[in-house]
Amino acid sequence: MGTDFKNILADIYDNLKNNNYVNEEAVRVGIVVRILEALKQPIFNPNLVCYEYSVNKLDTNFETKNGRLDVAIFSQTNADLADIYIEIKAVGKLNIQNGETQLHHYTFEKNAKIAILTDGNTWIFYLPRKQQDVGIFSKCKFLQFDLLNDSFSLEDKAVFFEKFLSPKYYETDEVIAFAEELFEQKNSKKWKLLFCEFCYPIKDRLKYITDIKETLLKYCEDKKINTNNSNFQITLDNFVNNISKEIEDYENKSSEEQPQIISNNKNITNIETIYQIEKHCGNAYGKYENNSKRFIVLKGSIGDCFTDNYKYDKGGISVYNERKKMLEDGFLELIDKDKDIVKFVKDYTFSSISRAACMVVGYSENGKRRWEKT
């Protein structure tokens, strides 16, 4: 990807930051069309790049009516299948659920290879062909990023735009392979988080479950997950094998080993009362701040991945945002990118013992119940 395109993205970033895109039309012309032009889309050919594209859609009563899609892009004139559908909203006015409903209705009669929902800052990419497998359009999402705030670098975003908006990747359907790969990666991580959500809160009782795999299958089916997917089965088998080994290793540890872990931690010597949370990914240690209800998690403690449910839960989103800031400020380091496991590189003081517990385990937890005296 050339420097010119990165400069265009940087300029769009600055304009977004300064609130210069005042309405939906400004987003369409100043951001979307500008990006399409930079990526060699024929933006002035009305047969290939269609604005306010007329397409039949389903209304809420499942009756067909005429709709207007913001941008539809085709490789050939009169093609049955569009390359890209783009639904655009004003900056900050993106209602994802409503936008997904619109895209679902637009793709009902005439489909597209890739569908995109954006307000210029947030970009969400969908693979509509997956709807027959996952059942709900929202689950067809394979990629999401923000231009202003995101873990992806500017270079990453430039690559994503090129792969999913550049016409050259649609000539051979190479774009579908890219999207499929990201879709499977996203699902694999989501499945692992769901397995962790079930297993880690009851880790002490997992050894009593006769068949962990069957129990997880039932749990996922209750969560409306399609368990017939071959990639799901592979992910599940790998997880069960790993956690079974962890349980075996945990059970084989002698009771004398646990105090040794504590005594080797220089941060927790000569402290009156130390609390711990034991987890398969690694333990966490903490103490109460003197004369305060605030709670300190000690350097060297391990923090688990956050479950998807907790990340976007009303009570969990502030904890998750605090975690991201702790990573930025150097209190945490990511020690396992695939499993999203972090390590405390400095002591960190939380406003309550429960907030500290939530940060460590990655889901809603009662700190007074979960933290145990060593």
Stepwise ring pair (Phe, Tyr, Trp, His ring centres under 6.0 Å) test for Trp123 and Phe161: CA-CA 10 Å; Trp123 290 76; Phe161 279 126; 4.8 Å; yes
From CA spacing to verdict: side chain to side chain contact (heavy atoms under 4.5 Å, CB included), Ile84, Phe164: CA-CA 9 Å; Ile84 309 165; Phe164 298 113; over 6 Å; no
Within 6.0 Å of CD in Glu52, more than 12 heavy atoms from elsewhere: yes
Backbone of Lys163 reached by a side-chain donor or acceptor of Ser166 within 3.5 Å: no
Heavy-atom closest contact (Ala90 atom, Asp119 atom, distance): O-CB, 3.2 Å
Side chain proximity check, Val342 to Glu333, heavy atoms < 4.5 angstrom: no
Cluster overlap Val22 with Tyr13, hydrophobic side-chain contacts below 4.5 Å: no
Stepwise side chain to side chain contact (heavy atoms under 4.5 Å, CB included) check, Leu217 with Cys220: CA-CA 5 Å; Leu217 272 173; Cys220 291; 5.9 Å; no
Lys/Arg N to Asp/Glu carboxylate O, Lys213 vs Asp237, below 4.0 Å: yes
Ionic contact status for Lys89 with Asp70, cut-off 4.0 Å: no
Close side-chain approach of Ile73 and Leu36, heavy atoms under 4.5 Å: yes
Interatomic distance, Cys305 atom SG to Asp336 atom CG [nearest 0.5 angstrom]: 9.5 Å
Salt bridge (charged side-chain N to carboxylate O under 4.0 Å, His left out) between Asp11 and Arg34, intermediate numbers included: CA-CA 11 Å; Asp11 184 62; Arg34 188 180 180 189; 2.8 Å; yes
Mutual orientation of the aromatic rings belonging to Tyr53 and Tyr85 [parallel < 30°, tilted 30-60°, perpendicular > 60°]: tilted
Salt-bridge contact Glu180-Lys130 (side-chain N to carboxylate O under 4.0 Å): yes
Spacing of CD1 belonging to Ile88 relative to CG belonging to Leu117, to within rounding of 0.5 Å: 10.0 Å
Salt bridge Arg323-Asp340, side-chain N to carboxylate O under 4.0 Å: yes
Euclidean distance, Ile212 CD1 relative to Asn241 CG, rounded to 0.5 Å: 10.0 Å
Salt-bridge criterion met for Arg355 and Glu322 (N-O under 4.0 Å): yes
Non-hydrogen side-chain atoms of Leu298 and Ile274 separated by less than 4.5 Å: yes
Residue pair Ala179 / Ile114: nearest heavy atoms and the distance that separates them: CB-CD1, 4.0 Å
Backbone N/O of Asn20 and side chain of Asn18: donor-acceptor pair under 3.5 Å: no
Euclidean distance, Ile86 CD1 relative to Ile35 CD1, rounded to 0.5 Å: 9.0 Å
In one Ile/Leu/Val/Met/Phe/Trp/Tyr side-chain cluster, 4.5 Å: Val29, Val71: no
Ion pair check, Arg370 and Glu365, cut-off under 4.0 Å: yes
Polar side chain donor-acceptor pair, Thr101 to Asn98, under 3.5 angstrom: no
Heavy-atom check, side chain of Arg294 versus side chain of Phe350, under 4.5 Å: no
ILVMFWY network linking Ile302 to Leu327, side-chain heavy atoms under 4.5 angstrom: no
Geometric cation-pi criterion Lys141 and Tyr126, 6.0 Å radius, 45° cone: no
Closest approach of Gly30 to Tyr21 (non-hydrogen atoms, all atoms of both residues): O-OH, 3.8 Å
salt_bridge(Lys113, Asp83) N-O dist < 4.0 Å: yes
Donor-acceptor under 3.5 Å (Asp347 side chain, Lys299 main chain): yes
Heavy-atom donor-acceptor pair, Asp304 side chain to Val360 backbone, under 3.5 Å: no
Closest contact, heavy atoms only, Cys358 versus Phe306: O-CZ, 4.1 Å
Any donor-acceptor pair under 3.5 Å from Ser354 side chain to Gly367 backbone: yes
Parallel, tilted or perpendicular, as decided by the 30° and 60° cut-offs, for the rings of Phe145 and Phe152: perpendicular
Main-chain N/O of Ile43 paired with Tyr51 side-chain donor or acceptor, under 3.5 Å: yes
Gap separating the NZ atom of Lys368 from the CD1 atom of Ile353, nearest 0.5 angstrom: 8.0 Å
Glu162 to Tyr169 - nearest heavy-atom pair and separation: O-CD1, 3.3 Å
Worked check of side chain to side chain contact (heavy atoms under 4.5 Å, CB included) between Val297 and Met359: CA-CA 10 Å; Val297 176; Met359 182 68 72; over 6 Å; no
salt_bridge(Glu25, Arg28) N-O dist < 4.0 Å: yes
Hydrophobic cluster identity match, Leu165 and Leu81, side-chain contacts under 4.5 Å: no
Aromatic ring proximity Phe125/Phe178, centre distance under 6.0 Å: no
Trp371 ring center within less than 6.0 Å of Phe295 ring center: yes
ILVMFWY cluster, Ile176 and Leu143 together (side-chain gap under 4.5 Å): yes
Ring centroid separation Phe344 to Phe331 under 6.0 Å: no
Test item: Val345 and Leu332 side chains (from C-beta on) under 4.5 Å apart, heavy atoms: no
Working for ring pair (Phe, Tyr, Trp, His ring centres under 6.0 Å), residues Tyr275 and Tyr288: CA-CA 9 Å; Tyr275 298 83; Tyr288 276 105; 5.7 Å; yes
Thr118 side chain near Leu94 side chain, heavy-atom distance below 4.5 Å: no
Distance in Å, Asn283 CG paired with Ser301 OG, rounded so as to fall on 0.5 Å steps: 8.5 Å
Derivation of the side chain to side chain contact (heavy atoms under 4.5 Å, CB included) call for Lys337 and Leu334: CA-CA 6 Å; Lys337 189 174 182 180; Leu334 193 61; 4.0 Å; yes
Pair Asn321-Ser318, side chain to side chain donor-acceptor pair (under 3.5 Å): steps then yes or no: CA-CA 5 Å; Asn321 287 336; Ser318 67; over 6 Å; no
Nearest heavy-atom neighbours spanning Pro128 and Ala112: CG-O, 3.5 Å
